[in-house]
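Shown next, in structure tokens, is the structure this report addresses.
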Number of protein chains: 2
Amino acid sequence: MTAVPLPGELTLVDDRARRILDAAVRLAETGGFSAVRLRDVAQASGVALGTVYKRFRSKEDLLVGVLSLELVALRERFATEPLQGETRLERLAQCFAALTETLCVRPHLGRAVIRSAATGENALAERLQRFHTALMELIVGAIRGRDDGPVSALELERLAVLEDVWFSRLVGWTGGLLTPEMVVEQVARAARLLYGEDGDA
Amino acid sequence: MTAVPLPGELTLVDDRARRILDAAVRLAETGGFSAVRLRDVAQASGVALGTVYKRFRSKEDLLVGVLSLELVALRERFATEPLQGETRLERLAQCFAALTETLCVRPHLGRAVIRSAATGENALAERLQRFHTALMELIVGAIRGRDDGPVSALELERLAVLEDVWFSRLVGWTGGLLTPEMVVEQVARAARLLYGEDGDA
DNA sequence: TCCTTCTTTGAAACGCGTTCTACACCCCTA
DNA sequence: TAGGGGTGTAGAACGCGTTTCAAAGAAGGA
């Protein structure tokens with residue numbers, strides 16, 4: 001009996017898929033994208049190669065699956081320890097700093113995952129769409145103050161822009177053009193441009 | 001005698017490299033990334049496979065080279081027929097519309113090229129850095145009005161953000177999530193967010 | 001003209017993502 | 001107890017990016 005993934009939900013993977021994802025993480029941590037050889041993934045997770053392809057459409061699909069797991073972990077972390085910033089702009093910066101840190105503390109893994117997400121394969125669209133939605137929800141939840149009302153459409157547009165900036169800069173990091181600190185700093189600067197220096201709204 | 005590429009310059013490719021790039025364009029136009037098989041590129045351009053690898057470090061490198069060629073063509077077009085918009089914001093929107101159109105009129109080619117640029121290979125860093133610089137110069141030149149002064153640092157930051165938005169959304173297009181019209185529209189909207197609705201500054 | 005060095009060539013070889021095939025297993029229903 | 005559909009497995013096979021290598025040109029320099 002295999003668990004069927006619900007629409008919009010990131011998790012809900014069966015036992016085999018979980019082991020496959022774990023193996024992919026281990027391999028990517030040490031050697032990055034190229035070290036995630038699907039034969040090795042299969043062996044390390046104790047399944048046949050065909051089973052890997054039964055769960056994931058491609059190597060990139062698998063690594064985007066890893067990305068989703070990271071997001072779930074971060075979501076739980078934010079649930080237990082909310083961001084501390086006074087203003088929304090501060091919390092925004094902290095949020096993207098945490099997101100960046102999550103990907104950059106294990107550089108090989110982060111690069112592999114981002115590269116996979118950036119590939120732009122049509123087969124990845126569905127998974128990436130879900131990831132995008134979940135990320136947006138995560139950010140919205142993380143930056144909302146205790147006594148804030150609902151986020152406006154304007155706010156959502158700004159957040160989408162910031163997400164784009166973040167993604168682009170991460171690709172720059174992946175390519176060796178930027179450091180994680182630069183990524184964080186530049187997203188924060190973009191946020192200031194969008195919100196005005198004061199950080200109200 | 002092989003032409004040595006000057007730093008910061010996109011063109012200056014020798015005859016063989018040019019033929020290789022042309023062949024890559026032809027193949028990518030019809031079948032996209034996967035149709036650009038380097039054996040075919042070599043045969044179609046009349047050189048040996050080793051020569052292709054002498055000029056380009058990888059398949060992605062080759063396709064980023066194609067991207068640079070596109071940029072050169074667009075630069076010449078802007079030089080002969082400047083953008084017509086009244087306000088800087090209008091010209092900005094037109095500029096990104098032209099950029100998007102350039103990539104999206106031949107979808108297979110555009111997707112292949114963007115995918116290559118998004119790969120985040122360290123080996124591509126240098127070439128992409130040059131491309132990025134040239135693109136920035138192109139945009140700055142294209143949106144400057146006849147009687148404008150030099151662009152401010154603030155303006156450059158805003159443009160960098162817009163470039164990020166554009167890139168991210170193009171990746172979205174590549175993945176089948178967005179249409180070219182949506183890309184253009186959303187970049188324009190981001191510009192309005194950054195500049196304020198009026199479009200001065 | 002001969003030697004040296006660099007480039008190009010043709011072809012083979014390697015690695016790995018991806019697909020395919022044949023077979024075993026398990027659960028279900030008749 | 002027999003049969004059948006779905007899933008997993010082992011392993012081979014295929015395609016293509018990339019590397020390697022020996023041999024052939026090509027372009028100076030003495």
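Here is how names work: the chains are called A, B, and so on, in the same order as the sequence lines, proteins then strands, and each is numbered from 1. Just so it is clear, the values below take in all heavy atoms, side chains as well, and ignore hydrogens, waters and symmetry mates. For clarity, every value in this text was computed on a predicted model and none was experimentally measured.
- Around CD of A/Glu126, the count of heavy atoms belonging to other residues, nucleotides or ligands within 6.0 Å does not exceed 12.
- Checked against salt bridge (charged side-chain N to carboxylate O under 4.0 Å, His left out), B/Arg91 has the following partners two or more places apart in sequence or in another chain: B/Asp148.
- A donor atom on one side chain and an acceptor atom on the other are not found under 3.5 Å apart for A/Trp173 and A/Thr179.
- Rounded to whole angstrom, the span from the CZ atom of B/Arg16 across to the P atom of C/dC6 amounts to 17 Å.
- Cation-pi geometry between B/Arg111 and B/Phe33 is not satisfied (NZ or CZ under 6.0 Å from the ring centre, within 45° of the ring normal).
- Taking 4.5 Å as the limit, some side-chain heavy atom of B/Leu159 sits within range of a side-chain heavy atom of B/Ile143.
- The side chain of A/Lys54 contributes an N or O atom lying less than 4.0 Å from OP1 or OP2 of D/dT7.
- Distance from the side chain of B/Ser58 is smallest for D/dT18 among the nucleotides D/dT18, D/dG8, C/dT9.
- At whole-Å resolution of the value, CZ in A/Phe33 and P in C/dC16 are 12 Å apart.
- What separates CG of B/Leu27 from P of D/dC16 is a distance of 12 Å, to the nearest Å.
- Spacing between atom CG of B/Asp14 and atom C1' of C/dT8 amounts to 12 Å, rounded to whole angstrom units.
- Side-chain nitrogen and oxygen atoms of A/Arg55 include at least one within less than 4.0 Å of the OP1 or OP2 phosphate oxygen of D/dG8.
- Using a 4.5 Å heavy-atom cutoff, the side chains of A/Arg106 and A/Glu70 are in contact.
- Non-hydrogen atoms lying under 4.0 Å from DNA chain D are contributed by B/Val36, B/Arg37, B/Leu38, B/Arg39, B/Leu49, all within residues 34-49 of chain B.
- In this structure, the NZ atom of A/Lys59 is 11 Å from the C1' atom of C/dG15, given to the nearest Å.
- The distance between atom OH of A/Tyr53 and atom P of C/dG17, rounded to the nearest whole Å, is 6 Å.
- Residues passing the salt bridge (charged side-chain N to carboxylate O under 4.0 Å, His left out) test with A/Arg169, sequence neighbours excluded: B/Asp164.
- The interatomic distance linking A/Phe56 (CZ) with C/dG17 (P) rounds to 15 Å, in whole Å.
- Under 4.0 angstrom from either OP1 or OP2 of D/dT18 there lies no side-chain N or O belonging to B/Arg57.
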